[in-house]
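Notes follow once the structure below has been shown.
Start at 1 and go down the list; that is how both ligands and their atoms are numbered. The figures here come from the full heavy-atom set of this structure, side chains too, leaving out hydrogens, waters and symmetry mates. What you are looking at is a predicted structure, and each value in this text was computed from that prediction instead of being measured.
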Amino acid sequence: MNATRSRERTPSPEQSGVRWGIVGPGSIAHRFADQLPHSRTGRLVAVASRSIERARAFADEYADAATTGIHSYGSYADLFADAEVDAVYIATVHTEHVRNAIDAARAGKHVVCEKPLAVNQAGVFAIVDAARTAGVYLAEGYMYRFHPQTAKLVELVRDGAIGDLQHVDASFTYAAQLPAEHRLMNPALAGGGILDVGGYPVSAARLLAGAAVGELFADPVSFTGRGTVGATGVDEWASASLAFRSGITAHVTCGTTIDVGSRIVLYGSAGRITVADPWLPSVTDGSSIEIARVGAGVTAGLTTADAATIEVPAAYQYALQADALAENMAAGQSAQMSWADSVGNARVLDQWRRAIRLRYPFE
Ligand SMILES: NC(=O)c1ccc[n+]([C@@H]2O[C@H](COP(=O)([O-])OP(=O)(O)OC[C@H]3O[C@@H](n4cnc5c(N)ncnc54)[C@H](OP(=O)(O)O)[C@@H]3O)[C@@H](O)[C@H]2O)c1
């Protein structure tokens with residue numbers, strides 16, 4: 001059989017759907033596996049853990065949702081070698097992402113890798129280089145970028161719904177009481193809020209500052225960061241100010257022990273947009289974007305008469321993230337979460353950690 005005929009007989013992932021393997025069946029892997037059946041293109045066919053028992057337990061949990069069986073592997077390398085896996089979802093702890101994503105790309109697998117793509121910008125460059133060389137798709141798992149609410153927000157800013165965007169205020173905080181050995185408290189696993197949740201407000205500020213000038217994202221020209229490093233040696237509370245070439249400013253906040261809410265508020269020359277639930281909108285109830293416009297001729301304050309609410313239907317954003325891979329495999333990246341975007345985000349997170357003198361023991 002010649003190569004051409006063989007290619008004709010084997011349907012491409014675009015034709016037959018994308019066969020997904022999950023690497024690192026922990027907490028977030030469950031959320032991805034729960035939502036994958038809601039994607040238009042993907043199905044779960046394999047899972048790998050450092051422990052075959054954990055892989056088998058995960059496969060058993062999702063066996064009913066799979067149209068064919070789910071292969072379980074006790075090593076990531078075995079999953080990467082599985083010819084029946086087209087794409088992998090890397091759901092391991094931060095410090096493993098570079099190794100896992102590069103191994104996956106070199107094995108010819110398309111990759112969605114959880115955020116942060118790498119602990120620092122150098123790691124992001126290494127992963128992007130591996131994806132480019134292998135000719136595979138790569139996206140960092142900032143799932144909110146694939147939600148229609150985010151698309152709507154970008155559209156509102158681009159279309160001048162609040163005039164000229166001037167300031168972005170974005171936060172992702174929670175108050176957790178975690179044991180010192182938990183990955184989020186452990187410097188050896190690149191713990192702390194900046195890498196866990198700080199990347200969300202930074203990425204949103206960059207996205208929206210970009211939308212305001214007709215770009216997919218913008219990178220800040222100045223950065224000032226502050227934060228508090230707790231007893232275990234990772235940041236528990238941090239905030240930062242960013243300024244963009246356009247003159248747009250941003251204030252971003254993240255915390256793992258203090259909860260001041262998680263939202264995006266945009267201030268423009270003609271009003272304000274508030275997104276109450278920007279990162280994890282409900283998958284059952286949908287979400288909403290509030291717009292308050294400055295009334296015509298009004299020079300101060302916002303009139304309630306000019307307020308509007310945009311209802312956004314519920315969506316499975318992890319499934320949409322999987323569909324984006326199916327749609328953009330040939331290009332290698334998607335507009336929602338491009339390689340250069342990840343490189344730029346990592347640079348800001350590096351600056352933020354440098355500003356608070358947070359260096360991990362392995363750096
Ligand atoms: N996008 C989102 O909504 C979202 C939400 C939460 C987390 N995340 C990201 O997803 C990633 C995983 O977070 P998670 O909360 O799911 O983590 P987790 O449950 O603590 O661990 C995930 C997997 O990582 C491996 N692992 C755990 N500890 C390890 C260690 N010390 N050394 C090497 N590997 C280890 C394990 O895989 P094995 O079974 O193979 O040992 C584990 O199943 C993080 O990078 C996080 O930032 C994203």
Pair His38 and Tyr318, ring centroids less than 6.0 Å apart: no
message: Once you restrict to heavy atoms under 4.0 Å, what part of Tyr73 touches ligand 1? Side chain, backbone, both or neither.
response: neither
statement: heavy-atom search around atom 11 (C) of ligand 1 in the protein gives Thr92 O, 3.1 Å
query: Is any side-chain heavy atom of Tyr62 closer than 4.5 Å to a side-chain heavy atom of Ile22?
result: no
message: Looking only at protein heavy atoms, which one is nearest to atom 21 (O) of ligand 1, and what is the separation?
response: Val93 CG1, 3.9 Å
query: At under 4.0 Å between heavy atoms, which part of His94 makes contact with ligand 1: side chain, backbone, both or neither?
result: both
- prompt: With a 4.0 Å heavy-atom cut-off (strictly under), which part of Ser51 contacts ligand 1: side chain, backbone, both or neither?
  reply: neither
- prompt: Heavy atom of Arg31 under 4.0 Å from ligand 1?
  reply: yes
field: Asp82: which of Lys109, Arg19, His71 passes side-chain hydrogen bond (donor to acceptor under 3.5 Å, both in side chains)
entry: His71
task: Drop me the distance from Ser262's OG to Tyr200's OH, to the nearest 0.5 angstrom.
output: 10.5 Å
message: Checking a contact table here: which protein heavy atom is nearest atom 37 (O) of ligand 1, and how many Å away?
response: Tyr76 OH, 3.4 Å
contact_flag Trp279 ligand 1 heavy-atom lt 4.0 Å: no
field: Spacing of CD belonging to Gln166 relative to OG belonging to Ser269, to within rounding of 0.5 Å
entry: 8.5 Å
query: Do Ile310 and Leu156 have side-chain heavy atoms sitting under 4.5 Å apart?
result: yes
- prompt: Is a side-chain donor-acceptor pair under 3.5 Å present for Asn100 with Thr92?
  reply: yes
task: May I ask you to identify, for Glu96, whether its side chain, its backbone, both or neither come under 4.0 Å of ligand 1 on a heavy-atom basis?
output: side chain
- prompt: What is the nearest protein non-hydrogen atom to atom 3 (O) of ligand 1, stated with its residue, atom name and distance?
  reply: Tyr318 OH, 2.5 Å
Check: Arg263 main-chain N/O paired with Ser171 side-chain donor or acceptor under 3.5 Å: yes
query: Heavy-atom contacts under 4.0 Å between Tyr200 and ligand 1: side chain, backbone, both, or neither?
result: side chain
message: For atom 38 (P) of ligand 1, tell me which residue out of Pro116, Ser27, Ser49 has the closest non-hydrogen atom.
response: Ser49
query: What protein heavy atom sits nearest atom 48 (C) of ligand 1, and how far away is it?
result: Glu114 OE1, 3.0 Å
- prompt: Side chains of Pro179 and Met185: does their closest heavy-atom pair fall under 4.5 Å?
  reply: no
message: Looking at Glu140 and Val343, would you say the former's side chain and the latter's main chain have a donor-acceptor pair under 3.5 Å?
response: no
message: Quick test: of every protein heavy atom, which one is nearest to atom 26 (N) of ligand 1, and how far off is it to 0.1 Å?
response: Arg50 NH2, 3.5 Å
message: So is His97 touching ligand 1 or not, going by heavy atoms under 4.0 Å?
response: yes
query: In terms of residue, atom name and distance, what is the protein heavy atom nearest to atom 20 (O) of ligand 1?
result: Arg183 CD, 3.7 Å
message: For atom 23 (C) of ligand 1, what's the nearest protein heavy-atom neighbour? Residue, atom name and distance, please.
response: Ala91 O, 3.7 Å
- request: Give yes if a backbone or side-chain nitrogen or oxygen of Ile28 is under 3.5 Å from a nitrogen or oxygen of ligand 1, and no if not.
  value: yes
- request: Answer with yes or no whether the side chains of Glu114 and Tyr89 bring together a donor and an acceptor at under 3.5 Å.
  value: yes
- line: Within 4.0 Å of some non-hydrogen atom of Gly141, the atoms of ligand 1 are 1 (N)
- line: Any heavy atom of Leu280 under 4.0 Å from ligand 1? The part involved is neither
